[in-house]
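What follows is one structure encoded as structure tokens, with my remarks underneath.
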Amino acid sequence: MGLLSFLGFGNNKNKVEITDNLIAAAQLAKTELDNKNNYFKTLDNEDFCKKYAVELAQVFACCDTLMSKIPNVLELNKNNFNTQPLIHLLFASADDMFNIIGASDSMRNFANNNEYIFLPDENNIYAFLIADKKIKKQFGVAEVDGKIVNDVMQNILYFENEYFATAMATDLEKLKNKLRLRFVFLLIQKYIKTIEILQQQKENLRSQIELEKSKLLVNKNLPEITIIQKNVDELDTKYKEISKILTPENQQQELHKFLQNCNSFMSEQNMNYKVNAMGLIYDENIDSNNNEIMELDFPEFTLNFEENNSTNKVGFFVAITKKDIKYCIEKVNVIRSKSRFV
């Protein structure tokens, strides 16, 4: 069963519910496209939304599938840093966690929004944290065949935070809506790049054709003229093919296909590790009843939005109270003010 059929859309676009989120996604996509080219300016916002409703809903569904793989929300506070292994591995210490949150430009900007300002201190702010999963090798002490042995090669799991958060909101569903729109934005940027590549190829072909034609004007050798004319004809054929693709009608059709293929740009693989509080990775067959050993499950995402370049990231939903955020920002402000006088 295809994804569209599973969603209940089939071939009837009237079955797609035009939600506020879908309208926002369509407006975002239309604005980005119109800023870069003229292929979609024949459509107004309403027509664009109706035309691509099924595909945008499919993008949302793809994003929702990926988000459903993310573990439960991690509540960031000092107590959970000491008791929850994932939080312990995401930050070097509780102070490090507070400093990263307080120094985050995205968090500090969010703290100036009315959505944050009028929120009670005890309420949570939700954010999406992106990090790199790392495994390093080091020598350590381990028990081998009942004996304590030094200099045993061990694997240590840890995370590096690229930045604190890509999006944040006052409730989890609002956060997910922002991530859906972010997914649409990244896809449209990827599509715009494919158009720009075609446009550059078209210009290169135009230059090559002009160069070959200039050779015809000065060359009197018939065999060489025949070869040059053949080159001109071949280049002209390619030029016309790309020109045909780069028409509003065809580009509007190509966008349908591109959005339908959204799952090829982002995928996930489930990671499972048995570790201790320091991130030491144990063999998967080790007894999990050992109180020192914790089992971690989380997804690692593969992103393919850059040309010929894919990146692997892990993502977590995190929550922190407004009261703690205020503490984090004030803490960093004090550190920064002191550093000015050093």
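FYI, side chains are in, hydrogens and waters are out, and symmetry mates aren't considered; it's all heavy atoms of this structure. Just so it is clear, the structure is predicted and the values come from calculations on it, not from any experiment.
Among residues at least two apart or in separate chains, salt bridge (charged side-chain N to carboxylate O under 4.0 Å, His left out) pairs with a member in residues 249-262 are E254-K257. Residue pairs satisfying the salt bridge (charged side-chain N to carboxylate O under 4.0 Å, His left out) criterion with at least one member in residues 205-215, sequence neighbours excluded, are listed as follows: E203-R206, E212-K215. The list of ring pair (Phe, Tyr, Trp, His ring centres under 6.0 Å) pairs with a residue in residues 102-124, not counting sequence neighbours, is empty.
Taking both residues in full, the closest heavy atoms of A131 and F159 are given as CB-CB, 4.2 Å, listed atom of the first, atom of the second, then distance. The minimum heavy-atom distance linking N312 with T302 is given by the pair OD1-OG1, 2.9 Å. Of all heavy-atom pairs spanning N99 and V332, the tightest one is O-CG2, 3.6 Å. The two residues V73 and L172 come nearest to each other via the heavy atoms CG2-CD2, 3.9 Å. In terms of heavy atoms, I329 sits closest to A111 at CD1-CB, 3.9 Å. For L179 against A167, the heavy-atom pair with the smallest separation is CD2-CB, 4.1 Å.
Note that the CD atom of Q251 and the CG atom of L198 stand 7.0 Å from one another [nearest 0.5 Å]. Residue F60 holds its CZ atom at 6.0 Å from OG1 of T19, rounded to the nearest 0.5 Å. Here Y282 contributes atom OH and N276 contributes atom CG; the two are 4.0 Å apart, rounded to the nearest 0.5 Å. For the atom pair NZ (K176) and CZ (F183), the distance works out to 15.5 Å, reported to the nearest 0.5 Å. Atom CZ in F298 sits 8.5 Å away from atom CG in N270 (nearest 0.5 Å). Atom CD1 in I195 sits 8.0 Å away from atom CG in L255 (nearest 0.5 Å).
Taking a 6.0 Å sphere around NZ of K331, one finds it holds more than 12 heavy atoms contributed by other residues, nucleotides or ligands. The number of heavy atoms from other shown groups lying within 6.0 Å of CE (M271) is above 12. Applying the 6.0 Å contact sphere to CG of D20 captures no more than 12 heavy atoms from other residues, nucleotides or ligands. With a 6.0 Å radius and a threshold of 12 heavy atoms from other residues, nucleotides or ligands, D44 has its CG atom above the threshold. Other residues, nucleotides and ligands contribute only 12 or fewer heavy atoms inside 6.0 Å of the CD atom of E46. In the displayed structure, K36 atom NZ is contacted under 6.0 Å by at most 12 heavy atoms of other residues, nucleotides or ligands. For NZ of K69, the number of neighbouring non-hydrogen atoms (other residues, nucleotides, ligands) closer than 6.0 Å is 12 at most.
When ring centroids are compared, F316 and F128 stay outside the 6.0 Å threshold. Outside the 6.0 Å centre-distance limit, the rings of F265 and Y191 are not counted as a close aromatic pair.
A heavy-atom distance below 4.5 Å is found between the side chains of T321 and N124. H256 places a side-chain heavy atom less than 4.5 Å from the side chain of Y52. Residues K274 and I281 have side chains not in contact (no heavy-atom distance under 4.5 Å, counting atoms from C-beta outward). Counting only heavy atoms from C-beta outward, the side chains of M266 and C62 never approach each other to under 4.5 Å. The closest side-chain heavy-atom distance from L211 to S214 is below 4.5 Å. Side-chain contact check for L157 versus L89: some heavy-atom pair is nearer than 4.5 Å. Annotation: side chain of D324 is not in contact with side chain of I101 (no heavy-atom distance under 4.5 Å). Counting only heavy atoms from C-beta outward, the side chains of L181 and K178 never approach each other to under 4.5 Å.
A donor and an acceptor atom, one from each side chain of D233 and Q229, are located under 3.5 Å apart.
Looking only at distances, no side-chain donor or acceptor of S104 sits under 3.5 Å from a matching main-chain atom of I100. A distance-only check finds a donor-acceptor pair linking the side chain of Q58 to the backbone of Q260 [under 3.5 Å]. Using modelled atom types, no side-chain atom of K30 and backbone atom of F48 make a donor-acceptor pair closer than 3.5 Å. The closest donor-acceptor contact from the side chain of R108 to the backbone of A103 lies at 3.5 Å or more, if one exists at all.
Taking the six-membered ring where the residue is Trp, F98 and Y327 present perpendicular rings, their angle passing 60° and hence far from 30°.
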Distance-only donor-acceptor pairs under 3.5 Å for side chains of residues 78-87, two or more places apart:
from: N80; atom 1: ND2; to: E75; atom 2: O; distance (Å): 2.8
from: N82; atom 1: ND2; to: K78; atom 2: O; distance (Å): 3.3
from: T83; atom 1: OG1; to: N79; atom 2: O; distance (Å): 3.2

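A salt bridge links R180 to E173: at least one charged side-chain nitrogen sits closer than 4.0 Å to a carboxylate oxygen.
In this structure K174 satisfies the side chain to side chain contact (heavy atoms under 4.5 Å, CB included) test together with E115, A169, T170, D171, sequence neighbours excluded. For P120, the side chain to side chain contact (heavy atoms under 4.5 Å, CB included) test picks out E122, N123, with sequence neighbours left out. Considering only residues two or more places apart in sequence or on other chains, T247 meets the side chain to side chain donor-acceptor pair (under 3.5 Å) condition with N250. Remark: D236 engages K240 in a salt bridge (charged side-chain N to carboxylate O under 4.0 Å, His left out) (not counting sequence neighbours). Residues meeting the salt bridge (charged side-chain N to carboxylate O under 4.0 Å, His left out) test with K323, sequence neighbours left out: none. In this view, V149 and V144, V152 satisfy the side chain to side chain contact (heavy atoms under 4.5 Å, CB included) rule, not counting sequence neighbours.
Apart from V141 itself, the hydrophobic cluster it occupies contains I148, where clustering links Ile, Leu, Val, Met, Phe, Trp and Tyr at side-chain heavy-atom distances under 4.5 Å. Under a 4.5 Å side-chain heavy-atom cut-off, the cluster of Ile, Leu, Val, Met, Phe, Trp and Tyr residues that includes M153 is completed by F139.
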* Asked: Can N204 and Q208 be said to form a side-chain hydrogen bond (donor to acceptor under 3.5 Å, both in side chains), step by step?
  -> CA-CA 6 Å; N204 291 342; Q208 292 177 51; over 6 Å; no
